[in-house]
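Written below as structure tokens is the structure these notes are about.
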Amino acid sequence: MLLLEMTTGALIGSLIGVLVLGAVAGFFGARQFFKKQLEKNPPINEKMVRVMLTQMGRKPSEKQVREIMRQMNSAK
């Protein structure tokens, strides 16, 4: 039976390597997840603003829609 013996330095180096690889993999995984979510649920657009104003009983003008979009984009 072959026993594998690691020095303290090798053990610490292996742990640091595993943590770095996990962080890199987590970053790219989270990035891919957020891209997919943004494709499924896009941020609000002008059409959504028009529908919202119409549901509130107002007939939205193009100026009102653009003003609301400008306010929302500047709030980010």
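By convention here, the first residue in the shown sequence is residue 1. Here the structure is a predicted model, which is why all the values come from computation and not from measurement.
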Which residue is it: F33, F27, F34? I am looking for the one with a side-chain contact (heavy atoms from CB on, under 4.5 Å) to R31. F27
Just do the side chain to side chain contact (heavy atoms under 4.5 Å, CB included) check on N45 and M48 with the steps written out, would you? CA-CA 5 Å; N45 57 22; M48 292 177 184; 3.2 Å; yes
Closest heavy-atom pair, R58 versus P60, reported as atoms and distance to 0.1 Å, is O-CD, 3.1 Å
Rounded to the nearest 0.5 Å, what separates atom CE in M69 from atom CZ in R66? 10.0 Å
N-O pairing of E46 and R50 below 4.0 Å: yes
Spacing of T54 atom OG1 and M52 atom CE [to the nearest 0.5 Å]: 9.5 Å
Within the 4.5 Å heavy-atom criterion, are M56 and L53 side-chain neighbours or not? yes
Hydrophobic cluster membership, with links at side-chain heavy-atom distances under 4.5 Å among I/L/V/M/F/W/Y: are I12 and V20 in one? yes
Side chain to side chain, K35 and L38, heavy atoms closer than 4.5 Å: no
To the nearest 0.5 angstrom, please state how far the CD atom of Q32 sits from the NZ atom of K36. 6.5 Å
Supply the atom-to-atom distance M72 CE to I44 CD1, rounded to the nearest 0.5 angstrom. 4.0 Å
Report the distance from atom CD1 of I68 to atom CG of N73, rounding to the nearest 0.5 Å. 12.0 Å
